[in-house]
Amino acid sequence: MSGFVEKPEPVEVPGLQHLHTGKVRDLYRNERGELVMVASDRISAYDWVLPTEIPEKGKILTQLSLWWFDLLADLVPNHVLSSELPPGAPADWEGRTLVCRSLRMVPVECVARGYLTGSGLAEYRETRTVCGIALPEGLTDGSELPSPIFTPATKAAVGEHDENVAYEEVAHRVGAEPAAQLRQATLAVYNRAREIARARGIILADTKFEFGYAEATLGAESAEPVLADEVLTPDSSRFWPADQWEPGRAQPSFDKQYVRDWLTSPASGWDRGGEQPPPPLPAEVVERTRAKYAEAYELLTGTSWK
Ligand code: ATP
Ligand code: MG
């Protein structure tokens with residue numbers, strides 16, 4: 001079982017058409033045909049959108065994304081048009097709303113990995129490969145890879161796992177030229193971000209990007225992928241404190257660790273493999289998780305959150 005414990009109702013704002021309620025973001029279209037992306041405080045874990053929100057999470061992740069988009073703008077174009085509130089929007093949307101170019105999204109999650117863990121590690125243990133890329137012997141959980149690799153995945157519906165696929169499968173789905181562009185852009189952005197994070201004491205172990213193409217450029221020789229969605233946040237990336245990095249075990253991380261630990265502890269009373277949705281989070285887990293998101297923001301950007 002999986003999905004939303006309680007699916008939220010979209011907010012009604014004059015001039016905005018509700019398009020989609022994602023796991024974390026709500027999408028609207030404005031009268032100019034642009035996308036209005038509102039990051040909620042929802043949090044997902046173990047394929048469930050939990051019944052408890054993490055206050056300010058959507059604002060922290062939106063501001064962190066914006067910070068990265070700016071830093072990366074010379075490498076790759078992005079979808080952000082402005083962070084102005086649409087007229088008539090609730091005050092609480094301030095800081096969590098981005099007006100974006102509406103793109104034709106590439107149906108592939110563009111993942112870069114510089115370290116081995118998660119689904120990459122699972123595949124490596126079976127076949128010594130990740131997404132079909134051969135890796136050396138002797139790597140373990142948290143090992144640094146000889147060089148960063150592009151490990152695309154197909155996007156799954158809410159409640160289902162993304163599936164890692166070989167590069168050839170991406171080329172088959174989107175075409176050879178776009179696939180090459182996506183791999184190049186993914187690795188270029190990862191490499192830049194990894195250097196920046198490392199200088200601030202954070203290992204960017206891996207990250208997921210979503211790209212789209214402007215409708216008008218589709219099929220054109222000059223078409224280039226535009227970086228969309230959110231970028232380089234704890235929701236889309238694995239950030240590890242560099243001073244605690246120790247291959248051979250699971251690494252501490254700047255994300256949902258407290259949430260996952262609590263949900264799988266006896267205290268939650270929840271059976272991860274069962275039919276029941278997860279229970280509400282206790283206040284302490286909420287606060288510690290909020291503090292982790294704020295800490296990631298502060299370490300990376302070098303500015304205080306509040
Ligand atoms: P799903 O939409 O399948 O529920 P999700 O749970 O990841 O996926 P969110 O991340 O909460 O959803 O919502 C963001 C959605 O907006 C994603 O489907 C993403 O692909 C899409 N998206 C992001 N940027 C753009 C853009 N510029 N143009 C069109 N769609 C976009
Ligand atoms: Mg998403």
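The figures here come from the full heavy-atom set of this structure, side chains too, leaving out hydrogens, waters and symmetry mates. Here the structure is a predicted model, which means the values were calculated and not measured.
With a 4.5 Å cut-off on side-chain heavy atoms, Thr154 and Arg173 count as touching. Inter-residue side-chain proximity for Gln244 and Gln251 is flagged as unmet; no heavy-atom pair is nearer than 4.5 Å. Counting only heavy atoms from C-beta outward, the side chains of Asp26 and Pro10 never approach each other to under 4.5 Å. At least one side-chain heavy atom of Arg192 sits under 4.5 Å from a side-chain heavy atom of Asp74. Residues Leu50 and Leu281 form a side-chain contact, since some pair of their non-hydrogen atoms from C-beta on lies under 4.5 Å apart. Taking the side chain as every heavy atom from C-beta outward, Asn78 and Leu72 never approach each other to under 4.5 Å. Looking at heavy atoms from C-beta onward, Pro136 lies in side-chain contact with Pro146 at the 4.5 angstrom threshold.
Of the listed residues (Trp67, Trp305, Trp68), just one forms a ring pair (Phe, Tyr, Trp, His ring centres under 6.0 Å) with Tyr297, and that residue is Trp305. When each of Arg25, Lys57, Arg42, Lys208 is checked for a salt bridge (charged side-chain N to carboxylate O under 4.0 Å, His left out) with Asp235, only Lys57 meets the rule. For the pairing with Leu145, the side chain to side chain contact (heavy atoms under 4.5 Å, CB included) check across Val130, Leu139, Ile133 returns one residue only, Leu139. With Arg290 as reference, Glu56 is the one residue of Glu56, Glu53, Glu295 to meet the side-chain hydrogen bond (donor to acceptor under 3.5 Å, both in side chains) rule.
Crowding of Arg200 atom CZ: a count of heavy atoms from other residues, nucleotides or ligands under 6.0 Å exceeding 12. Remark: Glu84 CD is loosely packed, at most 12 non-hydrogen atoms of other residues, nucleotides or ligands lying under 6.0 Å away. Shown here is Arg249, whose CZ atom has more than 12 heavy atoms of other residues, nucleotides or ligands within 6.0 Å.
Taking the six-membered ring for Trp and thresholds of 30 and 60 degrees, Tyr167 and Phe150 have ring planes more than 60 degrees apart, a perpendicular arrangement. Using cut-offs of 30° and 60° for the angle between ring planes, the Trp240 and Tyr115 rings count as perpendicular.
Cluster annotation: Val174 is not connected to Val226 through the hydrophobic network of ILVMFWY side chains, with a link wherever side-chain heavy atoms come within less than 4.5 Å. Under the 4.5 Å side-chain heavy-atom criterion for Ile, Leu, Val, Met, Phe, Trp and Tyr, Leu61 and Val259 are members of the same hydrophobic cluster. Neither Leu81 nor Leu103 shares a network with the other; the hydrophobic side chains, linked directly or stepwise wherever heavy atoms of I, L, V, M, F, W or Y lie under 4.5 Å apart, form separate groups for each. Neither Leu85 nor Leu66 shares a network with the other; the hydrophobic side chains, linked directly or stepwise wherever heavy atoms of I, L, V, M, F, W or Y lie under 4.5 Å apart, form separate groups for each. Using a 4.5 Å cut-off between side-chain heavy atoms of Ile, Leu, Val, Met, Phe, Trp and Tyr, with links allowed through other members, Val24 and Leu263 fall into different hydrophobic clusters.
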Any chance you could lay out the salt bridge (charged side-chain N to carboxylate O under 4.0 Å, His left out) test for Asp261 and Arg288, step after step, and finish with the verdict?
CA-CA 12 Å; Asp261 290 350; Arg288 291 177 75 183; over 6 Å; no
Verdict with reasoning, Phe239 to Thr207, per side chain to side chain contact (heavy atoms under 4.5 Å, CB included):
CA-CA 9 Å; Phe239 292 121; Thr207 193; over 6 Å; no
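Remark: Trp262 pairs with no residue by the ring pair (Phe, Tyr, Trp, His ring centres under 6.0 Å) rule, at least two apart or across chains.
The main-chain N or O of Lys256 is never found under 3.5 Å from a side-chain atom of Lys292 such that the two would form a donor-acceptor pair. Listed for the Glu123 side chain is a donor-acceptor partner under 3.5 Å among the backbone atoms of Gly132. Put simply, the side chain of Gln181 gets close to the backbone of Ala223: a donor and an acceptor are under 3.5 Å apart. Although no hydrogens or angles enter the test, the distance criterion places a donor-acceptor pair under 3.5 Å between the side chain of Arg96 and the main chain of Ala39.
At a cut-off of 3.5 Å, with distance as the only test, no side-chain donor of Glu144 or Trp245 sits close to an acceptor on the other residue. Side-chain polar atoms of Arg238 and Thr117 form no donor-acceptor pair below 3.5 angstrom.
Rounded to the nearest 0.5 Å, atoms NZ (Lys23) and NZ (Lys7) are 10.5 Å apart. To the nearest 0.5 Å, atom CG of residue Leu35 and atom OG of residue Ser102 are 5.0 Å apart. Taking OG1 of Thr52 as the reference point, atom CG of Asp41 lies at 12.0 Å (rounded to 0.5 Å). To the nearest 0.5 Å, atom OG of residue Ser65 and atom CG of residue Asp229 are 8.0 Å apart. The OH atom of Tyr258 lies 14.0 Å from the OG atom of Ser265; values are rounded to the nearest 0.5 Å.
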